[in-house]
*Asks:* 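Below is one structure. I have some questions about it.
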Number of protein chains: 2
Amino acid sequence: MNDAFSPPPGLLPAGLMDVLPPAAEREAALVEALMEGFARHGYERVKPPLLEFEDGLLAGSGAAVSEQIFRLMDPVSQRMMGLRADTTPQVSRIAATRLGAQPRPLRLCYEGPVLRVRGSELAPARQLAQAGIELIGGAAPEADAEVALVAAEALARVGVTGITLDITLPRMAQALLEAAGLEDAVARRLIRALDRKDAAAVATLARDAGPVAALLPPLLAAAGPAEGALAVLRGLDLPEAARAIAENAALVIAAIAARAPALRVTLDPIEFRGFRYHVGVAFTIYGPGATGEMARGGRYQSANDEPATGMTLYPDAVLRAAPKPASRPRCFLPIGTAPAVGEGLRRQGFATIAALSAADAPAALRCSHVWDGTAPVPVTEESSV
Amino acid sequence: MNDAFSPPPGLLPAGLMDVLPPAAEREAALVEALMEGFARHGYERVKPPLLEFEDGLLAGSGAAVSEQIFRLMDPVSQRMMGLRADTTPQVSRIAATRLGAQPRPLRLCYEGPVLRVRGSELAPARQLAQAGIELIGGAAPEADAEVALVAAEALARVGVTGITLDITLPRMAQALLEAAGLEDAVARRLIRALDRKDAAAVATLARDAGPVAALLPPLLAAAGPAEGALAVLRGLDLPEAARAIAENAALVIAAIAARAPALRVTLDPIEFRGFRYHVGVAFTIYGPGATGEMARGGRYQSANDEPATGMTLYPDAVLRAAPKPASRPRCFLPIGTAPAVGEGLRRQGFATIAALSAADAPAALRCSHVWDGTAPVPVTEESSV
């Protein structure tokens with residue numbers, strides 16, 4: 001219905017954008033620095049295709065992003081394909097199939113864009129960069145600690161320090177509600193109140209719902225620095241499944257504290273929003289100040305029910321929090337400059353901008369320096385022709 | 001119709017593939033090395049989205065890849081979008097719109113995947129990596145020489161030397177046939193014969209077709225080292241349009257020879273295949289030996305009819321010709337190894353593989369070294385537990 005009205009040239013669909021200089025180079029350098037951080041801990045890069053059969057993208061954790069997948073028909077196979085909306089399901093598939101015979105734990109990393117059908121009001125982008133790690137086939141709490149610490153170290157490599165690691169236990173609320181043996185209607189109301197973090201409603205609903213439901217208000221209030229939250233968990237008489245979740249969390253947090261005692265770690269034991277396929281600890285990394293969410297991850301079941309844990313970093317968010325690197329000086333080479341001069345300047349870290357015609361001028365081409373025949377001299381208002 | 005038969009898990013659509021360790025890391029490092037080569041010559045990175053409105057992808061040079069574009073409906077705008085099958089049209093759009101006010105020449109570079117609906121028998125891949133440069137708003141022969149030389153230098157940076165730069169003049173055959181004033185049927189037969197490089201048929205058809213058509217057989221035979229082909233061109237009585245094309249080619253080749261006298265350059269003046277939107281010189285770079293086509297480019301009209309020239313490198317092909325870098329040594333860290341030990345080893349260039357459980361063993365995890373408490377010692381058959 002809009003076909004008769006052509007958009008102005010250069011208009012892009014909502015949520016899709018061009019990244020221009022110098023942001024595009026900064027983003028690429030940042031992603032490669034994160035990936036180098038992962039590689040230093042033995043995470044090996046895989047690169048799944050942007051498109052694959054829909055079934056592959058929906059398997060396992062992929063179901064959580066099903067409604068976000070752009071679908072299109074493959075004219076070759078006549079089957080539906082999808083553009084990936086998340087990379088973790090693809091890495092799971094690779095681990096289970098082509099790397100199925102490799103000894104575990106398998107450490108893999110990836111980077112690249114994901115696409116989604118709709119943005120949200122707060123996050124309108126429909127093409128997002130991801131850079132992440134997956135540790136597949138390791139069930140130990142040390143594995144969860146490792147992915148959190150490798151992510152934190154990668155962020156530090158690009159200058160993002162002062163982060164907070166938020167840990168949640170997405171199955172805890174469910175474990176308690178199951179053990180509480182509540183009527184469905186009451187359980188649903190409690191879930192809604194927990195989801196809203198409405199402490200008053202939780203307290204009211206839990207008051208006459210038995211001893212297990214009575215644990216919910218103190219657990220809701222326990223959210224905060226990890227040591228304090230763990231102390232609350234230790235002091236409560238948790239049912240068995242909930243106890244196991246709490247003890248695992250304590251081990252993960254202890255492993256993190258042993259290796260990174262200065263890292264700020266919080267624990268919200270009852271929070272479950274946003275982690276639809278996680279089974280143990282779940283992580284969110286917040287940047288310093290109000291820079292927002294930098295990464296998300298945690299424990300999940302990979303393909304073939306292998307235990308797995310991982311972390312996805314969001315380079316766009318990291319970029320906003322990272323210090324800007326110094327830009328490369330640009331040296332103008334007048335017509336006739338010998339090739340060896342340019343080579344030498346490039347080796348020194350200059351970008352060289354060769355004049356191609358007499359009309360080319362250093363200032364217009366945003367050069368910081370100009371080759372005067374013997375040395376690169378800074379461009380001033382007067383020296384620029 | 002195939003829906004009832006689910007493919008085995010892990011099966012990917014034809015022409016789409018997972019890149020696994022260590023190839024994925026090699027490819028990424030190679031692309032970044034090429035991009036660094038471009039940046040050193042002042043080419044600034046842009047990153048257009050993978051998806052945009054179909055009209056944008058089809059503008060200008062995009063028409064040449066129209067039938068290769070995957071199309072899908074944007075549920076937000078209700079308009080058709082396409083997955084890019086080539087990046088040059090997007091860079092043209094950026095140059096004409098968001099960077100329309102920047103002084104020329106504008107030097108831009110890009111890297112990333114392109115997707116196409118069908119592969120060919122010889123090139124079955126439907127997701128291809130591209131890394132390229134565009135020089136927009138410069139008409140001088142030195143601009144064409146620059147993109148060829150920057151591409152050659154970028155290839156040398158990743159260890160690909162001994163390349164051949166093949167130059168063709170895609171408009172030359174057309175200029176001659178137009179000037180020859182032939183009957184349509186004869187012109188069509190000549191085009192077909194030239195397309196097949198059928199020298200005997202060209203000679204037969206040209207024999208009685210007048211003085212301009214008589215130029216075709218010697219031009220067809222002139223293909224070879226650039227100096228020889230230029231000498232043939234100089235010796236022929238070319239009609240005006242063809243003369244201008246030949247003189248421009250001579251200037252481009254002279255500019256290349258002045259800066260890179262050792263580069264092997266060939267010229268095939270009558271070849272026109274595969275360059276559907278090029279207007280001046282067109283380039284193909286062949287790797288050493290039988291490693292094939294590494295890059296393509298040349299002069300074209302950018303959006304708003306700006307003169308432009310560029311080069312697209314194919315990282316997959318470059319990777320096959322590039323020497324393999326040494327792999328990173330992997331050092332196993334037994335349980336309880338102090339964090340500072342890992343930090344030190346990573347600084348020395350090791351990837352560290354931390355044991356997460358007692359089951360983890362150095363050889364199974366493909367470690368080259370193990371930390372023995374004081375130093376990284378090579379893993380031997382015996383030392384691996």
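No experiment lies behind these values; they were computed from the predicted model shown. Residue numbers begin at 1 in each chain, while the letters A, B, ... track the order of the sequences. Heavy atoms only: backbone and side chains are in, while hydrogens, waters and symmetry mates are out.
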*Asks:* Among all residues two or more places apart in sequence or in another chain, which pass the ring pair (Phe, Tyr, Trp, His ring centres under 6.0 Å) test with A/F350?
*Replies:*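 Ring pair (Phe, Tyr, Trp, His ring centres under 6.0 Å) list for A/F350, sorted by chain: A/H369.
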*Asks:* Taking side chain as C-beta onward, heavy atoms only, is A/L72 less than 4.5 Å from B/L83?
*Replies:*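 They are in side-chain contact.
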*Asks:* A/E32 versus chain B, heavy atoms under 4.5 Å apart: side chain, backbone, both or neither?
*Replies:*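 Only the side chain of A/E32 comes within 4.5 Å of chain B.
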*Asks:* Is chain A contacted by the side chain of B/E27, its backbone, both, or neither, given a heavy-atom distance below 4.5 Å?
*Replies:*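 Contact with chain A: side chain only.
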*Asks:* Do B/E44 and A/R328 have side chains that approach each other closer than 4.5 Å (heavy atoms only, starting at C-beta)?
*Replies:*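 A side-chain contact is absent here, since even the closest heavy-atom pair is not under 4.5 Å.
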*Asks:* Hey, which residues of residues 14-24 of chain A are touching chain B, say heavy atoms under 4.5 Å apart?
*Replies:*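 Expected list: A/A14, A/L16, A/M17, A/D18, A/V19, A/L20, A/P21, A/A24.
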*Asks:* When heavy-atom pairs shorter than 4.5 Å are enumerated against chain B, which of A/P105, A/G56, A/G138 gives the highest number?
*Replies:*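 Winner by heavy-atom pair count: A/P105.
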*Asks:* Is there side-chain contact between B/I353 and A/R107, with heavy atoms separated by less than 4.5 Å?
*Replies:*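 SC-SC contact between B/I353 and A/R107 confirmed.
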*Asks:* So do A/E142 and B/D360 actually touch side chain to side chain, heavy atoms under 4.5 Å?
*Replies:*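 Result no, sub-4.5 Å side-chain heavy-atom pair not found.
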*Asks:* Suppose we screen for side-chain contact (heavy atoms from CB on, under 4.5 Å). Which residues come up paired with A/R26, at least two apart in sequence or across chains?
*Replies:*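 A/R26 satisfies side-chain contact (heavy atoms from CB on, under 4.5 Å) with A/L319, A/A322, A/K324, A/P325 once adjacent residues are dropped.
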*Asks:* Less than 4.5 Å to any heavy atom of chain A: does that hold for the side chain of B/M73, its backbone, both, or neither?
*Replies:*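 The backbone, not the side chain.
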*Asks:* Given a strict heavy-atom distance threshold of 4.5 Å, which part of A/L51 is in contact with chain B: side chain, backbone, both, or neither?
*Replies:*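 Contact with chain B involves both backbone and side-chain atoms of A/L51.
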*Asks:* Under a 4.5 Å heavy-atom cutoff, which of A/G42, A/P49, A/P48 has the most pairs with chain B?
*Replies:*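 The option with the most such pairs is A/P49.
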*Asks:* Counting only non-hydrogen atoms closer than 4.5 Å, does A/L108 touch chain B with its backbone (N, CA, C, O), its side chain (CB onward), both, or neither?
*Replies:*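 Contact with chain B: side chain only.
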*Asks:* Using heavy-atom distances under 4.5 Å, tell me whether B/Q127 contacts chain A through its side chain, its backbone, both, or neither.
*Replies:*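 The answer is the side chain of B/Q127.
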*Asks:* Against chain A, label B/P75 side chain, backbone, both or neither, depending on which of its atoms sit under 4.5 Å from a heavy atom there.
*Replies:*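 B/P75 touches chain A through backbone and side-chain heavy atoms alike.
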*Asks:* Checking B/R40 against chain A: side chain, backbone, both or neither under 4.5 Å from a heavy atom?
*Replies:*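 The answer is both parts of B/R40.
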*Asks:* Measure the CG-CG distance between B/L135 and A/L356 for me, rounded to the nearest 0.5 Å.
*Replies:*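 B/L135 CG to A/L356 CG: 6.0 Å, rounded to 0.5 Å.
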*Asks:* By a 4.5 Å heavy-atom criterion (distance strictly below it), what part of B/L99 contacts chain A: side chain, backbone, both, or neither?
*Replies:*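 Only the side chain of B/L99 comes within 4.5 Å of chain A.
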*Asks:* I'd like to check A/R93 versus B/L12 (side-chain heavy atoms, cut-off strictly below 4.5 Å). Are they in contact?
*Replies:*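 A/R93 vs B/L12: side chains touch.
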*Asks:* Report which part of A/E25 has an atom under 4.5 Å of a heavy atom belonging to chain B: side chain, backbone, both, or neither.
*Replies:*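 Looking at A/E25, backbone and side chain both touch chain B.
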*Asks:* Only pairs at least two apart or in different chains count here, so list each salt bridge (charged side-chain N to carboxylate O under 4.0 Å, His left out) that has a residue in residues 109-120 of chain A.
*Replies:*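 Only A/R45-A/E111 qualify under salt bridge (charged side-chain N to carboxylate O under 4.0 Å, His left out).
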*Asks:* For A/T337, which atoms come within 4.5 Å of any heavy atom of chain B: side chain, backbone, both, or neither?
*Replies:*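 Backbone of A/T337 only, per the 4.5 Å heavy-atom cut-off to chain B.
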*Asks:* Considering only heavy atoms, which portion of B/L115 lies under 4.5 Å from any heavy atom of chain A: side chain, backbone, both, or neither?
*Replies:*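 For B/L115, side-chain heavy atoms alone lie under 4.5 Å from chain A.
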*Asks:* Given heavy-atom pairs under 4.5 angstrom as the criterion, report whether the side chain, backbone, both or neither of B/I335 touches chain A.
*Replies:*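 No part of it gets close to chain A.
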*Asks:* With a 4.0 Å cut-off, would you call A/E343 and B/R259 a salt bridge?
*Replies:*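 No, this pair does not count.
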*Asks:* Please classify the contact between A/A354 and chain B as side chain, backbone, both or neither, with a heavy-atom cut-off of under 4.5 Å.
*Replies:*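 For A/A354, heavy atoms of backbone and side chain both lie under 4.5 Å from chain B.
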*Asks:* Between A/L149 and chain B, which part of the residue has a heavy atom less than 4.5 Å away: side chain, backbone, both or neither?
*Replies:*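 Contact with chain B is absent: no heavy atom of A/L149 under 4.5 Å.
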*Asks:* Please find the pair of heavy atoms, one from A/P103 and one from B/A364, that lie closest to each other, and give the distance.
*Replies:*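 Looks like CG-O, 3.2 Å.
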*Asks:* Could you check which of A/M35, A/R126, A/Q102, A/R71 has the highest count of heavy-atom pairs closer than 4.5 Å to chain B?
*Replies:*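 Heavy-atom pair counts peak at A/R126.
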